[in-house]
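To start, the structure under review is shown below, and the notes come after it.
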Amino acid sequence: YSDPTLFVTFLVGPNAVEFRIHREVIYHQCSVFKVAFESTMIEGQTQTYTLPDISEQCFSLFVQWTYAQKLNLFQLAKGYVHDEEATAEEDAENMALVELWRDAENQTLAELWVFGDTYIIPVLQNYAMTAMIDIHRAHRRLPSTELFDYIYENTMENSALRTHVVQ
């Protein structure tokens, strides 16, 4: 960093949760944000970008990827047990919780892909898609109906994400 003390702020989600990111890091990953922060628009004047329609989980994954160029996902973590591999001792409550986490993580990955599409970050889209493919290959589980709905409501007809979930 030429100046590690310079940050930009993102206000994310309906509760405007604050995320501060090194300016140079965000500039390197997303030209849309760079243009906004260097402009005379409100984002440039305040060094704050508001994203009310982005979930905190999605933006947290974006920040993780922005700094580390990887996504840490529980479904790809060593030792993760898929429901069909679960032992008989595991109770239904624990499995229901795991399923909620799994569905939430899949939803967040789809949101991350759409975020990358919206803000023209194709490398981020590739990371999100690769993670979705890796999860599918590892666990052979279909996406939830809610995830299909989200993808179809938020992507173009011939998008790579739609193609992936249909295959």
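Just so it is clear, the structure is predicted and the values come from calculations on it, not from any experiment.
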Using the side-chain contact (heavy atoms from CB on, under 4.5 Å) rule, take L61 and N72 through it: C-alpha gap first, then chi angles, then the decisive distance, then the call. CA-CA 8 Å; L61 264 186; N72 293 320; over 6 Å; no
Report task. Apply side-chain contact (heavy atoms from CB on, under 4.5 Å) to the pair F37 and V32, showing each step before the final yes or no. Result -> CA-CA 9 Å; F37 287 124; V32 171; over 6 Å; no
Practice problem: List the steps and the verdict of side-chain contact (heavy atoms from CB on, under 4.5 Å) for L6 and E24. | Solution: CA-CA 8 Å; L6 294 178; E24 287 183 43; 5.9 Å; no
Given Q29 and Q69, is the side-chain contact (heavy atoms from CB on, under 4.5 Å) satisfied, shown in steps? CA-CA 10 Å; Q29 299 301 340; Q69 295 293 290; 3.2 Å; yes
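Contacts of F33 classified as ring-ring contact (aromatic ring centres under 6.0 Å, His included), with partners at least two apart in sequence or in another chain: F10, Y49, Y119. Shown here are the salt bridge (charged side-chain N to carboxylate O under 4.0 Å, His left out) partners of D103, two or more places apart in sequence or in another chain: R141. Scanning for side chain to side chain contact (heavy atoms under 4.5 Å, CB included) contacts around N126 gives an empty result, with sequence neighbours left out. Among residues two or more places apart in sequence or in another chain, the side chain to side chain contact (heavy atoms under 4.5 Å, CB included) test is passed with E105 by L73, F74, Q75, I135. For T40, the side chain to side chain donor-acceptor pair (under 3.5 Å) test picks out no residue, with sequence neighbours left out. Under the side chain to side chain donor-acceptor pair (under 3.5 Å) criterion, S55 pairs with E111, not counting sequence neighbours. Residues meeting the ring-ring contact (aromatic ring centres under 6.0 Å, His included) test with F7, sequence neighbours left out: H22. Partners of H164 by side chain to side chain contact (heavy atoms under 4.5 Å, CB included), not counting sequence neighbours, listed by chain and number: M129, M132, I133. A search for side chain to side chain contact (heavy atoms under 4.5 Å, CB included) contacts involving E18 returns T9, L11, R20, not counting sequence neighbours.
Distance alone, capped at 3.5 Å, is enough to place a donor-acceptor pair between the T163 side chain and the S159 backbone. Checked by atom type and distance alone, the side chain of T66 never pairs as donor or acceptor with a backbone atom of Q64 at under 3.5 Å. When atom types are taken as modelled, the side chain of T130 and the backbone of Y127 share no donor-acceptor pair closer than 3.5 angstrom. The closest donor-acceptor contact from the side chain of D3 to the backbone of T5 lies under 3.5 Å.
Here the side chains of I21 and F59 are in contact, with some heavy-atom distance below 4.5 Å. Between V114 and T155, some side-chain heavy-atom pair lies under the 4.5 Å cut-off. Looking only at side-chain heavy atoms (C-beta outward), I121 and F62 come within less than 4.5 Å of each other. Side-chain atoms of L71 and L112, non-hydrogen and from C-beta on, do get closer than 4.5 Å to each other. In this structure, T50 and V12 have side chains that are not in contact, with every pair of non-hydrogen atoms separated by 4.5 Å or more. The shortest distance between side-chain heavy atoms of H28 and K34 does not fall below 4.5 Å.
A distance of 9.5 Å separates CH2 of W113 from CZ of R162, quoted to the nearest 0.5 Å. The structure places CZ of R23 at 6.0 Å from CD of Q47, a figure rounded to the nearest 0.5 Å. Taken from CH2 in W65 to CG in L124, the straight-line distance is 5.0 Å, to the nearest 0.5 Å. Rounding to the nearest 0.5 Å gives a distance of 9.5 Å between CG of D53 and CG of N154. Note that the OG atom of S31 and the CD1 atom of I26 stand 11.0 Å from one another [nearest 0.5 Å]. For the atom pair CG (L161) and OH (Y150), the distance works out to 8.5 Å, reported to the nearest 0.5 Å.
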